[in-house]
Structure formats: C-alpha cells, structure tokens
There are 2 protein chains.
Amino acid sequence: MYRQVKKYINDRMPFPDDDLEKALLFSDIQYFKKGDYILRAGEQCRFIGFLNYGLIVSTLIDETGKEIPCGFTKNDCFFTYTEGLINNAPSHKHFIALEDCEMLMLQKDKLPLIFSLNPKFETLFTKMLADDLRIALLAEQNIRICSVEERYLHFIETFPDVFNRLPLKYIAGYLGIEPPSLSRLRKRLMKG
Amino acid sequence: MYRQVKKYINDRMPFPDDDLEKALLFSDIQYFKKGDYILRAGEQCRFIGFLNYGLIVSTLIDETGKEIPCGFTKNDCFFTYTEGLINNAPSHKHFIALEDCEMLMLQKDKLPLIFSLNPKFETLFTKMLADDLRIALLAEQNIRICSVEERYLHFIETFPDVFNRLPLKYIAGYLGIEPPSLSRLRKRLMKG
DNA sequence: GTGAGAACTTAACCATGGTTAATTTCTCAG
DNA sequence: CTGAGAAATTAACCATGGTTAAGTTCTCAC
C-alpha cells in the first residue's frame with residue numbers, strides 16, 4: 001500500500017524506512033468514483049493526498065459558468081491545494097476524478113506530529129512548496145509566450161501517459177480553445 | 001533613506017526599530033537610469049531589492065525574439081527573482097527600468113546574518129515567498145478565465161498608479177494583444 | 001449484440017484580432 | 001520654440017478561431 005509513496009519520497013530525499021512507516025501510519029485511505037468531486041471550489045483543503053491510482057482534473061469557473069480545465073494529477077503524484085494548506089484559503093478550483101481513484105490522505109493537523117518525527121519532513125514539505133511555485137510560474141510563462149500549437153505538442157511530450165487517458169475536450173479546454181479548433185490543429189499537424 | 005522599507009515591513013510584521021536598523025546596515029543603495037537592465041534573462045539574481053522610487057518591467061522573450069511584458073514593480077515594493085534566490089536558477093526574464101530607479105539592495109549572502117539577528121526575519125521571508133506563490137497562481141487564473149477586456153479593467157482598478165505611468169504598448173503586451181487592438185478596446189469602452 | 005449517449009470531426013459562416021501603413025498626437029533634447 | 005522620434009490612433013485587409021449544426025465514430029450498460 002505504501003510502496004509507491006515511499007518510492008516517490010525516497011527519489012527526492014532519502015528517509016530511513018522506519019520514519020516513513022511511522023509517518024504513514026498517520027494517513028488513511030480513501031476511494032473516489034469517476035465523476036466524484038474530490039474538492040469543490042469554495043471548500044477548504046485540509047489534507048495532503050498521494051494518488052495510488054487514478055486521474056484528477058482541476059477546473060476554474062469562468063464568468064459564464066463554464067468549467068475550464070487547468071491542471072491534471074495522475075497516479076504516483078502528490079495532490080493538494082497548497083494555498084489552502086498554508087493560508088486556510090478556500091479553493092478557487094474544483095477537483096474532479098476522471099477515473100476511479102485510490103488516494104492516501106494525510107490530514108493537515110497531523111503535519112506537526114510528522115515534522116517532530118524527523119525534521120527532514122519539514123524540509124521535504126518546503127521543497128514541495130517551492131516546486132509548486134516553480135510550476136505555477138512556468139505555467140504562466142508557457143501561456144504567455146507559447147502558441148497553442150506549441151503548448152499542445154509540449155503537453156503530449158511532457159505528459160504522454162496523461163494525454164492518452166484524457167478525452168480531447170479536456171485538452172482543448174486546457175489549451176483555451178474549443179474542440180473544433182483542436183480538431184483543425186490536429187489535422188494540420190497530421191498533414192505537415 | 002530607510003523610512004519606506006521600514007513602513008512596508010512594519011505594516012506586515014512589526015519589528016523593533018533597533019533590529020530593522022541593524023538589518024538595513026547590511027544593505028547598499030544602487031541607482032538605475034531609465035532603460036537600464038536591472039537583470040538580464042540568463043543571469044542569476046543574488047539580491048533582494050526594495051524600490052525607493054522608480055518603475056520596473058519584467059519581460060519574457062517569445063520564440064520570435066519579441067519581448068512580452070509580464071509584470072511591473074513600482075516604488076515602495078520589494079523586487080527580486082524568487083526562483084533564483086532559492087534554487088540559484090538563472091532568470092527567465094529581463095528586468096528593465098522604465099523610470100530612473102533608486103533601489104536598496106540586500107545581497108543574498110547576507111540573509112543568514114539577518115535571520116540570526118531576529119528569527120522573525122526568516123518568517124517574514126517565508127511569508128514573502130508564500131505571497132509570491134499566491135500572486136503567481138492568481139496571475140495564471142486571471143489569464144485562463146478572464147477576457148482581455150476584464151483584465152484591462154482589472155489592471156486599471158488594481159494598479160491605477162502604475163497604469164498612469166505606463167506607455168499603453170506595455171499594457172497591450174501585458175494583455176497579450178497588439179497596440180491597435182488595445183486602441184479598439186479602449187474606443188469601445190468609451191462609447192459603452 | 002444493440003442502442004443511447006458521449007466524443008470527435010467536419011463544414012459553413014461570422015466576428016474578432018493581427019498586420020500594415022498612414023495619420024495624429026505627444027515628448028523632449030537642443 | 002522647434003523638429004525628430006516615439007507613442008497612439010485609425011482604417012483596410014486578411015487569417016484565425018468561435019459558433020452552430022450535421023455527421024461519424026466510440027464506449028459502454030443492458
């Protein structure tokens with residue numbers, strides 16, 4: 001049950017197996033069905049999750065009420081809403097299961113206990129925040145300076161496994177275009 | 001010379017004047033002429049600055065070599081490139097003075113000295129990072145879900161002082177459109 | 001296997017924004 | 001004050017992407 005999360009953590013910052021086991025005893029496990037809301041906009045995120053299997057999309061609601069996909073979390077990745085965790089801010093986004101999900105969940109009130117097990121856990125936590133910042137800045141840069149075509153190709157290249165499990169309408173939304181427009185783009189790329 | 005930065009810090013987290021004075025002794029002061037590069041893309045940012053007066057634009061370079069404005073720093077605000085400060089990563093952006101600038105500069109190697117003066121300085125530093133993350137995420141959201149018109153109005157409302165000091169072509173670039181297109185938008189808003 | 005609904009593609013039409021160039025307005029050094 | 005260069009606006013043209021609707025393919029529960 002803990003094999004995947006242990007690998008993820010050890011790949012980034014090695015820990016004695018004993019510490020990991022103790023820390024993971026504070027977590028519980030939760031299942032979501034395809035289509036379930038994992039977190040709704042307006043709700044507060046009080047946990048850090050690790051996705052053993054499944055796929056999650058986060059969506060923003062625009063002024064017309066339309067849901068815009070703006071990010072994906074796949075199996076073997078951590079899942080949380082950092083802003084909420086740090087500042088108790090309510091989520092701006094919906095998080096919806098696109099596949100059945102199994103998630104290891106650590107409630108935020110357990111964090112101090114884990115940090116006291118081994119202070120390196122707090123360093124790991126900070127590292128994950130810094131990664132979040134880097135990713136958010138890259139996402140903004142990406143939107144500003146890249147054409148839709150470049151962003152489409154970049155997405156396929158960077159997340160081929162996610163791409164193959166995702167209905168194209170989510171890709172279109174993520175790129176900020178409509179499905180017919182994505183079809184045109186794909187046709188153009190086939191020919192070229 | 002330190003009045004403004006002291007006010008900025010005390011507004012967010014009050015410090016004994018003595019600690020602030022000692023900390024600020026580690027800083028030096030630097031002047032930039034309109035048009036000067038404060039930091040070039042590829043260079044590493046090794047300081048935290050506080051802008052006593054002036055205006056700075058940050059720009060990204062797209063695939064055609066065009067410079068895209070993506071942010072502004074005005075007087076009485078802190079200035080740095082967070083990614084570089086934390087991870088020693090080179091800047092992705094140019095930072096250019098749009099007006100003559102006076103900047104208080106604290107070299108990054110002085111940070112541990114200041115943190116040891118009063119540990120609350122480290123808390124303040126972390127708070128500034130968390131703010132950076134919040135702003136980056138909001139910027140991405142803003143681009144994804146708001147129309148150009150909304151973003152234009154939002155910019156005027158949020159940064160009226162910056163708007164009034166800024167040639168419109170920078171606003172156009174920041175919004176991701178060309179100057180003629182911004183002219184059309186402004187004309188439409190006049191009539192409506 | 002079959003049928004219903006979702007996903008994807010295609011086509012036709014239209015509105016919006018890019019591009020270019022001309023014109024006007026602004027700014028500031030001399 | 002004057003003239004040169006930058007900034008902003010305007011107009012005309014064109015390419016691109018949104019919209020709608022129709023048609024095709026896919027998926028999956030029964």
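Every chain is numbered from 1, with letters handed out A, B, ... down the list of sequences.
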Length of the [atom1]-[atom2] vector between [X] and [N], whole Å:
{"X": "A/Glu178", "N": "C/dC13", "atom1": "CD", "atom2": "P", "answer": "20 Å"}
{"X": "B/Leu182", "N": "D/dA11", "atom1": "CG", "atom2": "P", "answer": "16 Å"}
{"X": "A/Arg188", "N": "D/dA15", "atom1": "CZ", "atom2": "P", "answer": "14 Å"}
{"X": "A/Leu168", "N": "D/dT25", "atom1": "CG", "atom2": "P", "answer": "16 Å"}
{"X": "B/Leu175", "N": "D/dA8", "atom1": "CG", "atom2": "P", "answer": "13 Å"}
{"X": "B/Asn164", "N": "C/dC26", "atom1": "CG", "atom2": "C1'", "answer": "16 Å"}
{"X": "A/Ile171", "N": "C/dT9", "atom1": "CD1", "atom2": "P", "answer": "12 Å"}
{"X": "B/Glu99", "N": "C/dC28", "atom1": "CD", "atom2": "C1'", "answer": "16 Å"}

Could you tell me whether the phosphate oxygens of [N], OP1 or OP2, come under 4.0 Å of any side-chain nitrogen or oxygen in [X]?
{"X": "B/Arg184", "N": "C/dG17", "result": "no"}
{"X": "B/Lys34", "N": "C/dT27", "result": "no"}
{"X": "A/Ser181", "N": "D/dG17", "result": "no"}

Stacked cation flag B/Lys120 on B/Phe15, 6.0 angstrom / 45 deg: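 Relative to the ring axis of B/Phe15, which defines the angle, B/Lys120 lies inside both limits.
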Pairwise 5' ranking along DNA chain C for A/Pro167 and B/Ile177, keeping only the more 5' one: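 The answer here is A/Pro167.
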Pair A/Phe159 and A/Phe155, ring centroids less than 6.0 Å apart: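 Yes.
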Nucleotide of D/dT20, C/dT20, D/dA7 approaching B/Lys169 most closely (side-chain heavy atoms):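 Within the option list, the nearest is D/dA7.
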Which nucleotide in D/dT20, D/dT10, D/dG17 has an atom nearest any side-chain atom of B/Ser183: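 So the side chain of B/Ser183 is nearest to D/dT10.
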Can [X] and [Y] be counted as an ion pair, charged N to O under 4.0 angstrom?
{"X": "A/Asp131", "Y": "A/Lys127", "value": "no"}
{"X": "A/Asp100", "Y": "A/Lys33", "value": "yes"}
{"X": "A/Asp18", "Y": "A/Lys22", "value": "yes"}

